Amino acid sequence: MTLADPHGRTTTTTTLVHAPSDTAGEWWRHAVIYQVYPRSFADASGDGIGDLPGVTSRLDHLARLGVDAIWLSPFYRSPQADAGYDVADYRAIDPLFGTLADFNELLERAHQRGMRIIVDLVPNHTSDEHEWFQAALAAGPGSPERERYMFREGKGEHGELPPNNWESIFGGPAWTRTTDPSGEPGQWYLHMFDTRQPDLNWEHPEVRAEFEDVLRFWLDRGVDGFRIDVAHGMVKAPGLPDWHGSVSMIDGSHDEAGSTGAGNSGPMFDQDGVHDIYRAWNKVLAEYDGDRALVAEAWVEPLSRLARYVRPDEMHQAFNFSFLSTTWDAAALRTVVTASLAANDNVGAPTTWVMSNHDTVRHASRLGLLEPNSRPNGIGHGDEQPDEELGLRRARAASLMMLGLPGSAYIYQGEELGLPEHTALDDDLRQDPAWWRTGHTERGRDGCRVPLPWKAGEPGFGFSPTGATWLPQPDSWSAYALDAQKGVPGSTYEMYREALRVRREFHLGSGSLAWVDGVGDEQAAVVFANRDVLVVTNLGDEPVVLPEGATVLLASGDLVTEDGRVSVPTDVAVWARLS
Ligand code: GLC
(Lines give C-alpha, C1' and ligand atoms only; values in the text may rest on other atoms or scores of the structure.)
Protein backbone atom coordinates (compact mmCIF):
# COMPACT_ATOMS: atom_id res chain seq x y z
CA MET A 1 0.00 0.00 0.00
CA THR A 2 1.20 3.52 -0.67
CA LEU A 3 0.03 6.87 0.58
CA ALA A 4 0.96 10.09 -1.14
CA ASP A 5 1.91 13.54 0.14
CA PRO A 6 0.24 16.67 -1.36
CA HIS A 7 2.81 16.75 -4.17
CA GLY A 8 2.09 13.20 -5.12
CA ARG A 9 5.35 11.83 -3.73
CA THR A 10 5.10 8.63 -1.81
CA THR A 11 6.14 9.28 1.76
CA THR A 12 4.95 6.30 3.69
CA THR A 13 5.87 2.66 3.85
CA THR A 14 3.74 -0.12 5.23
CA THR A 15 4.64 -3.43 6.80
CA LEU A 16 1.95 -6.07 6.85
CA VAL A 17 2.00 -8.06 10.07
CA HIS A 18 -1.44 -9.67 9.98
CA ALA A 19 -3.52 -10.66 6.96
CA PRO A 20 -7.33 -10.56 6.87
CA SER A 21 -9.07 -13.76 7.81
CA ASP A 22 -12.04 -15.34 6.14
CA THR A 23 -13.75 -16.98 9.05
CA ALA A 24 -17.10 -15.28 8.99
CA GLY A 25 -18.86 -18.22 10.65
CA GLU A 26 -16.74 -18.07 13.77
CA TRP A 27 -18.32 -15.05 15.44
CA TRP A 28 -15.89 -14.99 18.37
CA ARG A 29 -12.96 -14.21 16.07
CA HIS A 30 -14.14 -10.67 15.45
CA ALA A 31 -16.94 -10.03 17.97
CA VAL A 32 -17.27 -7.03 20.26
CA ILE A 33 -18.29 -8.46 23.61
CA TYR A 34 -19.69 -6.37 26.45
CA GLN A 35 -18.98 -7.38 30.04
CA VAL A 36 -21.95 -7.04 32.35
CA TYR A 37 -21.08 -7.11 36.03
CA PRO A 38 -24.60 -7.97 37.18
CA ARG A 39 -24.53 -6.41 40.65
CA SER A 40 -23.66 -3.02 39.17
CA PHE A 41 -25.36 -2.91 35.77
CA ALA A 42 -29.06 -2.26 36.50
CA ASP A 43 -31.31 -3.08 39.43
CA ALA A 44 -34.92 -4.07 38.83
CA SER A 45 -35.83 -5.28 42.34
CA GLY A 46 -35.03 -2.02 44.12
CA ASP A 47 -32.58 -3.41 46.69
CA GLY A 48 -29.68 -1.41 45.25
CA ILE A 49 -27.95 -4.50 43.84
CA GLY A 50 -28.19 -5.12 40.11
CA ASP A 51 -29.96 -8.26 38.93
CA LEU A 52 -30.82 -10.32 35.86
CA PRO A 53 -34.22 -8.66 35.24
CA GLY A 54 -32.29 -5.37 35.38
CA VAL A 55 -30.00 -6.61 32.61
CA THR A 56 -32.99 -7.73 30.55
CA SER A 57 -34.62 -4.33 30.96
CA ARG A 58 -31.52 -2.66 29.48
CA LEU A 59 -30.84 -5.01 26.57
CA ASP A 60 -31.99 -2.34 24.15
CA HIS A 61 -29.10 -0.17 25.32
CA LEU A 62 -26.64 -2.90 24.37
CA ALA A 63 -28.36 -3.64 21.07
CA ARG A 64 -28.30 0.06 20.21
CA LEU A 65 -24.65 0.28 21.16
CA GLY A 66 -24.10 -2.50 18.65
CA VAL A 67 -22.31 -5.23 20.62
CA ASP A 68 -22.32 -8.79 19.35
CA ALA A 69 -22.35 -10.59 22.67
CA ILE A 70 -22.61 -10.11 26.42
CA TRP A 71 -20.42 -11.76 29.04
CA LEU A 72 -22.16 -11.99 32.40
CA SER A 73 -19.95 -12.14 35.49
CA PRO A 74 -21.16 -14.77 38.02
CA PHE A 75 -24.79 -14.77 39.14
CA TYR A 76 -24.74 -18.23 40.75
CA ARG A 77 -25.72 -19.07 44.32
CA SER A 78 -22.94 -17.70 46.47
CA PRO A 79 -22.31 -16.20 49.91
CA GLN A 80 -20.67 -13.32 47.96
CA ALA A 81 -17.36 -13.47 49.82
CA ASP A 82 -15.72 -12.50 46.51
CA ALA A 83 -18.72 -10.91 44.78
CA GLY A 84 -19.94 -14.22 43.38
CA TYR A 85 -16.55 -15.64 42.32
CA ASP A 86 -17.15 -17.97 45.27
CA VAL A 87 -19.78 -20.32 43.91
CA ALA A 88 -21.87 -22.50 46.23
CA ASP A 89 -24.05 -24.02 43.50
CA TYR A 90 -23.03 -23.89 39.84
CA ARG A 91 -26.53 -24.71 38.62
CA ALA A 92 -28.55 -22.20 40.63
CA ILE A 93 -29.06 -18.45 40.43
CA ASP A 94 -28.43 -16.49 43.61
CA PRO A 95 -31.70 -14.93 44.84
CA LEU A 96 -29.87 -11.58 44.81
CA PHE A 97 -29.82 -11.77 41.03
CA GLY A 98 -33.12 -13.54 40.32
CA THR A 99 -34.20 -16.99 39.24
CA LEU A 100 -33.45 -19.50 36.51
CA ALA A 101 -36.60 -18.27 34.77
CA ASP A 102 -35.10 -14.76 34.80
CA PHE A 103 -31.95 -16.13 33.23
CA ASN A 104 -33.92 -17.97 30.54
CA GLU A 105 -35.79 -14.80 29.73
CA LEU A 106 -32.59 -12.76 29.52
CA LEU A 107 -31.04 -15.32 27.20
CA GLU A 108 -34.08 -15.50 24.96
CA ARG A 109 -34.45 -11.75 24.68
CA ALA A 110 -30.75 -11.25 23.99
CA HIS A 111 -30.93 -13.86 21.25
CA GLN A 112 -34.01 -12.18 19.79
CA ARG A 113 -31.92 -9.03 19.46
CA GLY A 114 -29.08 -10.94 17.81
CA MET A 115 -26.76 -10.81 20.83
CA ARG A 116 -25.04 -13.89 22.22
CA ILE A 117 -24.55 -14.69 25.88
CA ILE A 118 -21.37 -15.89 27.56
CA VAL A 119 -21.52 -16.97 31.19
CA ASP A 120 -18.69 -17.07 33.72
CA LEU A 121 -17.38 -20.41 34.96
CA VAL A 122 -15.28 -20.51 38.13
CA PRO A 123 -13.53 -23.90 38.18
CA ASN A 124 -10.36 -23.21 40.19
CA HIS A 125 -12.20 -23.05 43.49
CA THR A 126 -15.66 -23.28 45.01
CA SER A 127 -17.22 -21.38 47.86
CA ASP A 128 -16.64 -22.81 51.33
CA GLU A 129 -20.44 -23.16 51.39
CA HIS A 130 -20.40 -25.57 48.43
CA GLU A 131 -21.81 -28.94 49.53
CA TRP A 132 -18.57 -30.69 48.55
CA PHE A 133 -16.49 -28.52 50.84
CA GLN A 134 -18.93 -28.86 53.72
CA ALA A 135 -18.86 -32.65 53.23
CA ALA A 136 -15.05 -32.58 53.15
CA LEU A 137 -14.86 -30.71 56.46
CA ALA A 138 -17.35 -33.07 58.08
CA ALA A 139 -15.76 -36.25 56.76
CA GLY A 140 -12.30 -35.55 58.17
CA PRO A 141 -8.75 -36.39 57.08
CA GLY A 142 -8.20 -39.29 54.70
CA SER A 143 -11.80 -39.30 53.48
CA PRO A 144 -12.71 -39.43 49.78
CA GLU A 145 -14.62 -36.16 50.34
CA ARG A 146 -11.34 -34.36 51.12
CA GLU A 147 -9.75 -35.67 47.93
CA ARG A 148 -11.75 -33.24 45.83
CA TYR A 149 -9.91 -30.31 47.42
CA MET A 150 -6.28 -29.57 48.30
CA PHE A 151 -6.10 -30.71 51.94
CA ARG A 152 -2.61 -31.33 53.37
CA GLU A 153 -1.03 -32.00 56.73
CA GLY A 154 0.78 -28.99 58.18
CA LYS A 155 4.50 -28.82 58.75
CA GLY A 156 6.14 -28.49 62.17
CA GLU A 157 6.00 -30.78 65.15
CA HIS A 158 2.25 -30.51 65.52
CA GLY A 159 1.30 -29.58 62.00
CA GLU A 160 1.06 -25.98 63.12
CA LEU A 161 2.83 -24.57 60.04
CA PRO A 162 1.27 -24.31 56.55
CA PRO A 163 2.23 -27.03 54.05
CA ASN A 164 4.19 -24.56 51.90
CA ASN A 165 4.94 -20.85 51.68
CA TRP A 166 2.38 -19.86 49.04
CA GLU A 167 0.52 -16.61 49.42
CA SER A 168 -3.03 -15.81 48.42
CA ILE A 169 -3.48 -13.45 45.45
CA PHE A 170 -5.60 -11.36 47.81
CA GLY A 171 -2.82 -11.23 50.41
CA GLY A 172 -2.00 -13.35 53.45
CA PRO A 173 -1.27 -17.08 53.47
CA ALA A 174 -2.82 -19.36 50.82
CA TRP A 175 -3.56 -22.00 53.49
CA THR A 176 -6.10 -22.15 56.27
CA ARG A 177 -6.06 -24.73 59.03
CA THR A 178 -9.23 -26.66 59.73
CA THR A 179 -10.62 -27.99 62.95
CA ASP A 180 -11.26 -31.72 62.96
CA PRO A 181 -14.73 -33.07 63.70
CA SER A 182 -13.23 -34.00 67.12
CA GLY A 183 -12.52 -30.32 67.84
CA GLU A 184 -8.71 -30.70 67.50
CA PRO A 185 -6.72 -28.54 65.03
CA GLY A 186 -6.54 -30.50 61.82
CA GLN A 187 -5.36 -30.38 58.21
CA TRP A 188 -4.82 -27.29 56.10
CA TYR A 189 -6.52 -26.49 52.80
CA LEU A 190 -5.23 -24.43 49.90
CA HIS A 191 -6.99 -21.29 48.68
CA MET A 192 -5.18 -19.16 46.12
CA PHE A 193 -7.79 -16.45 46.74
CA ASP A 194 -9.89 -15.88 49.87
CA THR A 195 -10.14 -18.35 52.77
CA ARG A 196 -13.72 -18.85 51.64
CA GLN A 197 -12.59 -20.01 48.15
CA PRO A 198 -11.00 -23.46 48.61
CA ASP A 199 -9.07 -24.69 45.54
CA LEU A 200 -10.38 -27.83 43.90
CA ASN A 201 -8.17 -30.84 43.16
CA TRP A 202 -8.19 -31.08 39.36
CA GLU A 203 -6.37 -34.43 39.44
CA HIS A 204 -9.64 -35.91 40.73
CA PRO A 205 -11.87 -37.50 38.06
CA GLU A 206 -15.05 -36.46 39.89
CA VAL A 207 -14.01 -32.81 39.70
CA ARG A 208 -13.44 -33.13 35.95
CA ALA A 209 -16.74 -34.94 35.41
CA GLU A 210 -18.66 -32.43 37.50
CA PHE A 211 -17.47 -29.43 35.49
CA GLU A 212 -18.19 -31.11 32.16
CA ASP A 213 -21.67 -31.64 33.49
CA VAL A 214 -21.93 -27.98 34.55
CA LEU A 215 -20.87 -26.93 31.05
CA ARG A 216 -23.63 -29.11 29.61
CA PHE A 217 -26.17 -27.70 32.06
CA TRP A 218 -25.66 -24.20 30.66
CA LEU A 219 -25.11 -25.31 27.06
CA ASP A 220 -28.47 -27.12 27.26
CA ARG A 221 -29.99 -23.78 28.25
CA GLY A 222 -28.52 -22.21 25.12
CA VAL A 223 -25.54 -20.19 26.25
CA ASP A 224 -23.03 -19.31 23.54
CA GLY A 225 -19.88 -19.64 25.58
CA PHE A 226 -18.03 -19.46 28.85
CA ARG A 227 -15.47 -17.11 30.30
CA ILE A 228 -13.14 -19.33 32.31
CA ASP A 229 -12.02 -17.78 35.57
CA VAL A 230 -8.34 -18.22 36.54
CA ALA A 231 -7.94 -20.53 33.56
CA HIS A 232 -4.21 -20.88 34.21
CA GLY A 233 -4.62 -21.97 37.81
CA MET A 234 -6.42 -25.27 38.08
CA VAL A 235 -3.43 -27.60 37.96
CA LYS A 236 -0.57 -27.15 40.43
CA ALA A 237 3.01 -28.44 40.14
CA PRO A 238 3.46 -31.90 41.72
CA GLY A 239 4.53 -31.76 45.34
CA LEU A 240 3.37 -28.12 45.69
CA PRO A 241 6.94 -26.80 46.05
CA ASP A 242 7.70 -23.56 47.87
CA TRP A 243 7.78 -20.44 45.70
CA HIS A 244 9.72 -17.28 46.30
CA GLY A 245 8.40 -15.24 43.37
CA SER A 246 5.40 -13.00 43.11
CA VAL A 247 1.86 -14.39 42.89
CA SER A 248 0.28 -11.17 41.69
CA MET A 249 -1.27 -11.46 38.24
CA ILE A 250 0.83 -9.14 36.01
CA ASP A 251 2.94 -6.28 37.21
CA GLY A 252 3.66 -3.68 34.54
CA SER A 253 6.64 -2.68 32.43
CA HIS A 254 7.17 -4.52 29.18
CA ASP A 255 10.19 -6.05 27.55
CA GLU A 256 10.93 -6.16 23.84
CA ALA A 257 8.66 -9.12 23.22
CA GLY A 258 5.71 -7.14 24.47
CA SER A 259 5.64 -9.06 27.71
CA THR A 260 6.20 -7.94 31.25
CA GLY A 261 8.78 -10.57 31.93
CA ALA A 262 6.54 -11.98 34.64
CA GLY A 263 6.25 -15.16 32.59
CA ASN A 264 7.36 -17.59 35.21
CA SER A 265 4.49 -17.20 37.59
CA GLY A 266 5.27 -20.14 39.80
CA PRO A 267 4.13 -23.69 40.57
CA MET A 268 0.52 -22.61 41.06
CA PHE A 269 0.01 -21.22 37.54
CA ASP A 270 0.27 -22.14 33.87
CA GLN A 271 1.12 -25.80 34.37
CA ASP A 272 1.00 -27.96 31.24
CA GLY A 273 -1.76 -30.10 32.75
CA VAL A 274 -4.38 -27.36 32.40
CA HIS A 275 -4.39 -27.84 28.64
CA ASP A 276 -5.84 -31.37 28.92
CA ILE A 277 -8.86 -29.86 30.64
CA TYR A 278 -9.47 -27.43 27.77
CA ARG A 279 -9.06 -30.13 25.14
CA ALA A 280 -11.82 -32.06 26.91
CA TRP A 281 -14.03 -28.96 27.16
CA ASN A 282 -13.50 -28.13 23.51
CA LYS A 283 -15.02 -31.54 22.72
CA VAL A 284 -17.98 -30.89 25.01
CA LEU A 285 -18.75 -27.62 23.21
CA ALA A 286 -18.39 -29.36 19.84
CA GLU A 287 -21.26 -31.70 20.79
CA TYR A 288 -23.58 -28.71 20.55
CA ASP A 289 -24.98 -26.98 17.48
CA GLY A 290 -23.90 -23.54 16.59
CA ASP A 291 -20.64 -21.94 17.37
CA ARG A 292 -19.83 -21.78 21.09
CA ALA A 293 -16.72 -20.34 22.59
CA LEU A 294 -14.43 -20.58 25.61
CA VAL A 295 -12.52 -17.49 26.68
CA ALA A 296 -9.55 -17.77 29.01
CA GLU A 297 -8.87 -15.43 31.86
CA ALA A 298 -5.22 -16.41 32.07
CA TRP A 299 -2.69 -13.92 33.41
CA VAL A 300 0.11 -15.65 31.56
CA GLU A 301 3.20 -14.27 29.88
CA PRO A 302 4.99 -14.18 27.53
CA LEU A 303 2.33 -13.99 24.81
CA SER A 304 3.61 -17.22 23.26
CA ARG A 305 2.63 -19.04 26.49
CA LEU A 306 -0.79 -17.38 26.45
CA ALA A 307 -1.31 -18.49 22.85
CA ARG A 308 -1.09 -22.12 24.01
CA TYR A 309 -4.56 -21.67 25.57
CA VAL A 310 -6.06 -20.92 22.15
CA ARG A 311 -4.55 -23.73 20.13
CA PRO A 312 -7.09 -25.17 17.68
CA ASP A 313 -8.32 -27.93 20.00
CA GLU A 314 -8.46 -25.83 23.20
CA MET A 315 -10.10 -22.50 23.95
CA HIS A 316 -11.18 -19.89 21.44
CA GLN A 317 -10.13 -16.59 22.98
CA ALA A 318 -7.74 -15.45 25.71
CA PHE A 319 -7.85 -11.94 27.15
CA ASN A 320 -4.76 -10.01 26.13
CA PHE A 321 -3.71 -8.63 29.50
CA SER A 322 -0.27 -7.72 28.15
CA PHE A 323 -2.02 -5.14 25.97
CA LEU A 324 -4.19 -3.96 28.87
CA SER A 325 -1.04 -3.44 30.98
CA THR A 326 1.06 -1.64 28.37
CA THR A 327 2.23 1.83 29.24
CA TRP A 328 0.91 4.82 27.20
CA ASP A 329 3.84 4.85 24.83
CA ALA A 330 3.76 4.46 21.05
CA ALA A 331 6.75 2.15 20.74
CA ALA A 332 5.56 -0.09 23.58
CA LEU A 333 2.08 -0.33 22.04
CA ARG A 334 3.46 -1.21 18.63
CA THR A 335 5.60 -3.88 20.21
CA VAL A 336 2.80 -5.48 22.16
CA VAL A 337 0.39 -5.41 19.20
CA THR A 338 2.95 -7.00 16.89
CA ALA A 339 3.87 -9.64 19.44
CA SER A 340 0.21 -10.39 20.17
CA LEU A 341 -0.77 -10.87 16.54
CA ALA A 342 2.32 -12.97 15.83
CA ALA A 343 1.78 -15.26 18.82
CA ASN A 344 -1.89 -15.81 18.00
CA ASP A 345 -1.39 -16.12 14.23
CA ASN A 346 1.04 -18.87 15.05
CA VAL A 347 -1.78 -20.99 16.46
CA GLY A 348 -4.52 -19.69 14.15
CA ALA A 349 -6.36 -17.82 16.91
CA PRO A 350 -7.76 -14.30 17.06
CA THR A 351 -6.27 -11.75 19.41
CA THR A 352 -8.70 -10.67 22.12
CA TRP A 353 -8.18 -7.04 23.05
CA VAL A 354 -9.32 -5.57 26.35
CA MET A 355 -8.61 -2.40 28.31
CA SER A 356 -10.80 -2.73 31.41
CA ASN A 357 -12.69 -5.26 33.49
CA HIS A 358 -14.03 -5.72 37.02
CA ASP A 359 -10.54 -6.45 38.39
CA THR A 360 -8.60 -3.41 37.18
CA VAL A 361 -8.78 0.33 37.76
CA ARG A 362 -10.85 1.71 34.87
CA HIS A 363 -8.64 2.77 31.98
CA ALA A 364 -10.07 6.30 31.96
CA SER A 365 -8.38 6.65 35.36
CA ARG A 366 -5.26 4.57 34.74
CA LEU A 367 -4.42 6.80 31.77
CA GLY A 368 -4.71 9.92 33.91
CA LEU A 369 -2.00 8.80 36.35
CA LEU A 370 1.48 10.33 36.42
CA GLU A 371 2.73 6.97 35.19
CA PRO A 372 0.06 6.54 32.52
CA ASN A 373 -1.63 3.14 32.45
CA SER A 374 0.14 1.81 35.51
CA ARG A 375 -2.13 -0.57 37.40
CA PRO A 376 -2.53 0.17 41.09
CA ASN A 377 -4.78 -2.29 42.91
CA GLY A 378 -7.43 0.34 43.56
CA ILE A 379 -7.21 4.04 44.31
CA GLY A 380 -8.53 5.76 47.45
CA HIS A 381 -8.20 8.77 49.74
CA GLY A 382 -4.57 9.78 50.15
CA ASP A 383 -3.48 8.06 46.92
CA GLU A 384 -2.43 9.90 43.78
CA GLN A 385 -5.66 11.07 42.16
CA PRO A 386 -5.80 10.66 38.37
CA ASP A 387 -6.26 13.68 36.09
CA GLU A 388 -9.86 13.00 35.05
CA GLU A 389 -9.87 15.12 31.89
CA LEU A 390 -6.55 13.82 30.62
CA GLY A 391 -7.51 10.25 31.51
CA LEU A 392 -10.77 10.49 29.57
CA ARG A 393 -9.09 12.06 26.56
CA ARG A 394 -6.53 9.25 26.44
CA ALA A 395 -9.10 6.55 27.21
CA ARG A 396 -11.21 7.61 24.25
CA ALA A 397 -8.11 7.47 22.05
CA ALA A 398 -7.02 4.12 23.47
CA SER A 399 -10.48 2.62 22.94
CA LEU A 400 -10.67 3.85 19.37
CA MET A 401 -7.24 2.35 18.72
CA MET A 402 -8.30 -0.94 20.30
CA LEU A 403 -11.56 -1.15 18.35
CA GLY A 404 -9.63 -0.54 15.14
CA LEU A 405 -7.44 -3.60 15.66
CA PRO A 406 -8.24 -6.91 13.97
CA GLY A 407 -9.57 -9.54 16.38
CA SER A 408 -12.19 -9.57 19.08
CA ALA A 409 -12.60 -6.81 21.66
CA TYR A 410 -14.16 -6.71 25.12
CA ILE A 411 -15.81 -3.62 26.57
CA TYR A 412 -16.34 -3.38 30.33
CA GLN A 413 -19.70 -1.90 31.32
CA GLY A 414 -19.48 1.87 31.69
CA GLU A 415 -16.40 2.33 29.55
CA GLU A 416 -18.75 3.28 26.71
CA LEU A 417 -19.72 6.20 28.96
CA GLY A 418 -16.08 7.08 29.65
CA LEU A 419 -16.60 6.33 33.34
CA PRO A 420 -13.66 6.94 35.63
CA GLU A 421 -12.84 4.81 38.65
CA HIS A 422 -14.45 5.90 41.93
CA THR A 423 -11.19 7.03 43.50
CA ALA A 424 -12.59 8.53 46.69
CA LEU A 425 -14.76 5.72 48.01
CA ASP A 426 -14.97 5.61 51.80
CA ASP A 427 -12.67 2.86 52.94
CA ASP A 428 -15.24 1.48 55.36
CA LEU A 429 -17.57 0.74 52.43
CA ARG A 430 -15.03 -1.44 50.64
CA GLN A 431 -16.06 -5.05 50.09
CA ASP A 432 -13.14 -6.51 48.13
CA PRO A 433 -11.43 -9.15 50.33
CA ALA A 434 -8.07 -7.81 49.07
CA TRP A 435 -8.63 -4.67 51.22
CA TRP A 436 -8.67 -6.46 54.58
CA ARG A 437 -6.48 -9.42 53.58
CA THR A 438 -3.62 -7.04 52.79
CA GLY A 439 -4.01 -5.29 56.13
CA HIS A 440 -5.57 -2.29 54.37
CA THR A 441 -2.62 -1.66 52.08
CA GLU A 442 -4.31 -2.58 48.77
CA ARG A 443 -7.56 -0.73 48.15
CA GLY A 444 -8.83 -3.43 45.84
CA ARG A 445 -11.42 -3.44 43.10
CA ASP A 446 -14.57 -1.79 44.46
CA GLY A 447 -13.83 1.49 42.67
CA CYS A 448 -14.39 -0.07 39.24
CA ARG A 449 -17.56 -1.87 40.38
CA VAL A 450 -19.74 1.10 41.25
CA PRO A 451 -23.35 0.96 39.89
CA LEU A 452 -23.78 2.51 36.45
CA PRO A 453 -25.33 5.95 35.95
CA TRP A 454 -28.30 5.78 33.58
CA LYS A 455 -30.19 9.03 34.24
CA ALA A 456 -28.43 12.21 35.32
CA GLY A 457 -31.33 13.72 37.21
CA GLU A 458 -32.53 10.74 39.25
CA PRO A 459 -31.48 9.45 42.67
CA GLY A 460 -28.74 6.85 42.21
CA PHE A 461 -28.62 8.05 38.60
CA GLY A 462 -31.50 5.76 37.74
CA PHE A 463 -29.65 2.56 38.63
CA SER A 464 -32.53 1.30 40.75
CA PRO A 465 -36.23 2.22 40.97
CA THR A 466 -35.71 3.12 44.64
CA GLY A 467 -32.55 5.18 44.08
CA ALA A 468 -30.55 2.67 46.17
CA THR A 469 -27.02 1.68 45.11
CA TRP A 470 -24.86 -0.92 46.90
CA LEU A 471 -21.88 1.43 46.57
CA PRO A 472 -22.26 5.23 46.34
CA GLN A 473 -21.60 6.92 42.99
CA PRO A 474 -19.49 10.09 42.73
CA ASP A 475 -21.62 13.23 42.16
CA SER A 476 -19.58 14.01 39.05
CA TRP A 477 -21.14 10.98 37.36
CA SER A 478 -24.21 13.01 36.38
CA ALA A 479 -22.13 14.19 33.42
CA TYR A 480 -21.42 10.57 32.44
CA ALA A 481 -25.00 9.28 32.70
CA LEU A 482 -26.31 7.61 29.57
CA ASP A 483 -29.14 10.10 29.10
CA ALA A 484 -26.63 12.98 29.26
CA GLN A 485 -24.69 11.44 26.35
CA LYS A 486 -27.30 9.79 24.15
CA GLY A 487 -27.73 11.69 20.90
CA VAL A 488 -25.01 14.18 21.88
CA PRO A 489 -22.50 14.39 19.03
CA GLY A 490 -18.97 13.73 20.25
CA SER A 491 -20.05 12.13 23.54
CA THR A 492 -18.10 9.03 24.54
CA TYR A 493 -21.21 6.89 24.16
CA GLU A 494 -21.88 8.13 20.62
CA MET A 495 -18.19 7.64 19.78
CA TYR A 496 -18.32 3.98 20.84
CA ARG A 497 -21.57 3.47 18.98
CA GLU A 498 -20.21 4.94 15.79
CA ALA A 499 -16.97 2.99 16.18
CA LEU A 500 -18.88 -0.29 16.42
CA ARG A 501 -20.94 0.64 13.38
CA VAL A 502 -17.92 1.54 11.27
CA ARG A 503 -16.03 -1.50 12.56
CA ARG A 504 -18.84 -3.68 11.27
CA GLU A 505 -19.20 -1.84 7.97
CA PHE A 506 -15.50 -2.21 7.15
CA HIS A 507 -15.13 -5.71 8.67
CA LEU A 508 -12.28 -4.50 10.85
CA GLY A 509 -12.65 -7.37 13.34
CA SER A 510 -11.65 -9.89 10.70
CA GLY A 511 -9.30 -7.41 9.06
CA SER A 512 -5.59 -6.91 8.66
CA LEU A 513 -2.83 -4.93 10.27
CA ALA A 514 -0.06 -3.12 8.45
CA TRP A 515 2.16 -0.65 10.31
CA VAL A 516 2.35 2.63 8.44
CA ASP A 517 5.59 4.56 8.73
CA GLY A 518 5.85 8.16 7.64
CA VAL A 519 2.67 9.47 9.26
CA GLY A 520 3.90 11.30 12.35
CA ASP A 521 6.92 10.20 14.30
CA GLU A 522 7.06 6.46 14.87
CA GLN A 523 8.11 7.01 18.48
CA ALA A 524 5.13 9.25 19.13
CA ALA A 525 2.24 7.91 17.05
CA VAL A 526 0.73 4.46 16.60
CA VAL A 527 -0.32 4.29 12.94
CA PHE A 528 -1.72 1.25 11.22
CA ALA A 529 -3.98 0.32 8.37
CA ASN A 530 -6.70 -2.28 8.85
CA ARG A 531 -8.19 -3.12 5.43
CA ASP A 532 -9.07 0.32 3.97
CA VAL A 533 -9.09 2.16 7.27
CA LEU A 534 -6.12 4.10 8.60
CA VAL A 535 -5.99 4.25 12.41
CA VAL A 536 -3.78 7.01 13.82
CA THR A 537 -3.27 7.48 17.55
CA ASN A 538 -1.10 10.41 18.55
CA LEU A 539 0.69 9.94 21.88
CA GLY A 540 3.31 12.59 21.20
CA ASP A 541 3.52 16.34 21.76
CA GLU A 542 3.37 17.37 18.08
CA PRO A 543 0.25 17.17 15.91
CA VAL A 544 0.25 14.36 13.34
CA VAL A 545 -0.79 15.40 9.83
CA LEU A 546 -3.03 12.91 8.05
CA PRO A 547 -1.91 11.82 4.61
CA GLU A 548 -3.55 13.36 1.58
CA GLY A 549 -6.53 11.38 0.42
CA ALA A 550 -7.43 10.04 3.85
CA THR A 551 -11.06 10.87 4.67
CA VAL A 552 -11.87 11.11 8.35
CA LEU A 553 -14.51 8.60 9.51
CA LEU A 554 -14.34 9.08 13.24
CA ALA A 555 -12.16 10.77 15.83
CA SER A 556 -11.81 10.57 19.61
CA GLY A 557 -11.32 14.35 19.93
CA ASP A 558 -11.36 17.55 17.93
CA LEU A 559 -9.09 17.59 14.88
CA VAL A 560 -7.36 20.64 13.46
CA THR A 561 -7.66 21.64 9.79
CA GLU A 562 -5.08 24.04 8.37
CA ASP A 563 -4.46 24.77 4.69
CA GLY A 564 -6.78 21.93 3.81
CA ARG A 565 -4.73 19.40 5.79
CA VAL A 566 -6.17 17.63 8.81
CA SER A 567 -4.00 16.96 11.81
CA VAL A 568 -4.47 14.84 14.90
CA PRO A 569 -3.63 16.55 18.21
CA THR A 570 -1.96 14.93 21.22
CA ASP A 571 -3.85 12.03 22.82
CA VAL A 572 -6.40 11.81 20.02
CA ALA A 573 -7.10 8.84 17.73
CA VAL A 574 -8.69 8.98 14.33
CA TRP A 575 -10.06 6.49 11.83
CA ALA A 576 -9.74 7.63 8.22
CA ARG A 577 -10.72 5.96 4.99
CA LEU A 578 -7.90 5.43 2.55
CA SER A 579 -8.58 6.38 -1.01
C1 GLC B 1 -10.67 -13.82 38.65
C2 GLC B 1 -11.85 -12.88 38.72
C3 GLC B 1 -11.77 -12.13 40.00
C4 GLC B 1 -11.85 -13.11 41.14
C5 GLC B 1 -10.78 -14.18 41.03
C6 GLC B 1 -11.08 -15.34 41.93
O7 GLC B 1 -9.47 -13.15 38.58
O8 GLC B 1 -11.89 -12.07 37.59
O9 GLC B 1 -12.79 -11.16 40.11
O10 GLC B 1 -11.71 -12.44 42.36
O11 GLC B 1 -10.70 -14.70 39.72
O12 GLC B 1 -12.17 -16.06 41.45
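Indexing begins at 1, ligand by ligand and atom by atom, following the structure's order. Values below: all heavy atoms of this structure, side chains included; hydrogens, waters and symmetry mates excluded. None of the values given here were measured: they were computed from a predicted structure.
- The ligand atoms of ligand 1 that sit less than 4.0 angstrom from a heavy atom of His125 are 6 (C), 12 (O).
- Within the structure, ligand 1 lacks Met192 among the residues with a heavy atom less than 4.0 angstrom away.
- Listed by number with element, the atoms of ligand 1 under 4.0 Å from a non-hydrogen atom of Arg227 are 2 (C), 8 (O).
- The aromatic rings of Tyr412 and His358 are tilted relative to each other, their planes meeting at an angle between 30° and 60°.
- Considering Phe193, Trp132, Trp202 in turn, Phe193 is the only one that fulfils the ring-ring contact (aromatic ring centres under 6.0 Å, His included) rule with His125.
- Contact annotation for Arg449 and ligand 1: only side-chain heavy atoms (C-beta onward) come within less than 4.0 Å of the ligand.
- Under 4.0 angstrom from ligand 1, the non-hydrogen atoms of Phe170 all belong to its side chain.
- For ligand 1, the atoms closer than 4.0 angstrom to any heavy atom of His358 are 2 (C), 3 (C), 8 (O), 9 (O).
- The residues Glu415 and Arg362 are annotated as not salt-bridged, no charged nitrogen and carboxylate oxygen being separated by less than 4.0 angstrom.
- Not one N or O of Trp299 is nearer than 3.5 Å to an N or O of ligand 1, by distance alone.
- Scanning for side-chain contact (heavy atoms from CB on, under 4.5 Å) contacts around Arg279 gives His275, Asp276, Arg311, Asp313, Glu314, with sequence neighbours left out.
- Contact check on Asp432 versus Arg443 returns no salt bridge, with no Lys/Arg side-chain nitrogen under 4.0 Å from an Asp/Glu carboxylate oxygen.
- The only option from Asp229, Asp120, Asp194, Asp359 that meets the side chain to side chain donor-acceptor pair (under 3.5 Å) definition with Tyr85 turns out to be Asp120.
- Residue Arg445 has at least one heavy-atom neighbour below 4.0 Å for each of these atoms of ligand 1: 3 (C), 4 (C), 9 (O), 10 (O).
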